[in-house]
Amino acid sequence: PDRLLHDRSVEHSFVSGLVLLLLVLDPLGSLPIFIPIMRGVAPERRRRVAVREVGIAFLVLFGFMIFGGGFLRLMHLSERSLEVAGGVILLIIAIRMIFSSGSAAYGLPQGREPLIFPLAVPLLAGPSAMATVLLLASRQPGRVIEWVAALVVAMLISGGVLLLAGLSEGTTTIHDL
C-alpha cells in the first residue's frame, strides 16, 4: 500500500496549475524589487518597459516549458542543479541589495532601464518558475495546452499587479493603462 502511494504522481488541473504558477511567480512579492527599479525609468516608458519585461518572462518560461527538459538533458543537468544555480543567483542579488543602495543593488547603472535582468529573469522567470513549468510539462505532457493557458493567465495577472503597483506609486497614470 505504501508503495502505491509513492508511485502515484500528483495530477494537476488547469486551476491547480494556475494557482501553483501564481504562488511561484509571486507578483506581490516582486513589488519591493519592481518599484525601485521602475523609479529609474522615464515615466513615459514605465508601462512599456513593464509590459516588455512580463512578455520576455513569458517567453522564457514558455520556452523552458517546451524545450527545458531537452536542454537539461543536453547539458547533463538535473532539475536539482537548476534549483541550486538559481539559489546562488538569488543569494548574490541579496548580498548586493544588502551592501548597495538604489537600483545599483540590482546591477543596473542609474538611469538605465532594465532589459531582461533583473525584472524578467530572475524576478518573474526565476529558477522556481522554470522548474515548475518544466515539471508541469514533463509530468503531464498530454496537457501542455492547459499548462500554456495557465501560464498565459498567470503572466497576465502578474503583469496586471505590476502595472497597478506602478499606478499606486505614481509611476503610471490611469490614462496609461
- Task: For Glu113 and Arg52, run side-chain contact (heavy atoms from CB on, under 4.5 Å): C-alpha distance rounded to whole Å, both residues' side-chain angles, the deciding distance at 0.1 Å, then the answer.
- Result: CA-CA 11 Å; Glu113 66 181 47; Arg52 180 190 68 208; 3.0 Å; yes
- Item | Steps toward side-chain contact (heavy atoms from CB on, under 4.5 Å) verdict (Leu61, Met130) | CA-CA 6 Å; Leu61 292 176; Met130 289 179 192; 4.0 Å; yes
- Query: Given the rule in the side-chain contact (heavy atoms from CB on, under 4.5 Å) test, do Leu21 and Val133 qualify, once you have shown the distances and angles that lead to the verdict?
  - Reply: CA-CA 8 Å; Leu21 286 168; Val133 297; 3.7 Å; yes
- Query: Do Phe62 and Val148 pass the side-chain contact (heavy atoms from CB on, under 4.5 Å) test, and can you show the C-alpha distance, the side-chain angles, and the key distance before you say yes or no?
  - Reply: CA-CA 7 Å; Phe62 176 76; Val148 171; 3.7 Å; yes
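In this structure, CG in Leu25 is found 10.0 Å from OG in Ser128, a value given to the nearest 0.5 Å. Taken to the nearest 0.5 Å, the CD atom of Gln140 stands 11.0 Å off from the CG atom of Leu135. In this structure, the separation between CE on Met38 and CG on Leu31 is 12.0 Å, given to the nearest 0.5 Å. Here the CZ atom belonging to Arg80 is positioned 13.0 Å from the CG atom belonging to Leu72, to the nearest 0.5 angstrom.
For Phe71, the CZ atom sits in a loose shell: 12 or fewer heavy atoms of surrounding residues, nucleotides or ligands are nearer than 6.0 Å. Heavy-atom contacts from other residues, nucleotides or ligands closer than 6.0 Å to CD1 of Ile145 number 12 or fewer.
Under a hydrophobic clustering in which Ile, Leu, Val, Met, Phe, Trp and Tyr are joined whenever their side-chain heavy atoms come within less than 4.5 Å, directly or via other members, Leu74 and Leu134 fall into different clusters.
What you find for Ala154 and Leu18 is that their closest heavy atoms are N-CD1, 3.6 Å. Smallest separation of non-hydrogen atoms from Glu53 and Leu124: O-CD1, 4.5 Å. The minimum heavy-atom distance linking Ala57 with Ala125 is given by the pair O-CB, 3.8 Å. Among all heavy-atom pairs drawn from Pro27 and Leu162, the shortest one is O-CD2, 4.1 Å. Pairing each heavy atom of Glu146 with each of Ser13, the nearest pair is OE1-C, 4.2 Å. Residue Phe34 comes nearest to Ala50 through the heavy atom pair CZ-CB, 3.9 Å, listed as atom of the first residue, atom of the second, then distance.
Considering only heavy atoms from C-beta on, Ile66 comes within 4.5 Å of Val144 through its side chain. Side-chain contact between Leu119 and Ser30: absent, with no pair of heavy atoms (C-beta onward) separated by less than 4.5 Å. A 4.5 Å side-chain heavy-atom check between Leu23 and Thr132 finds every atom pair outside the cut-off.
With Arg47 contributing its side chain and Leu163 its backbone, the two residues share no donor-acceptor pair below 3.5 Å. Arg73 places a side-chain N or O within donor-acceptor distance of the main-chain N or O of Gly69, the cut-off being under 3.5 Å.
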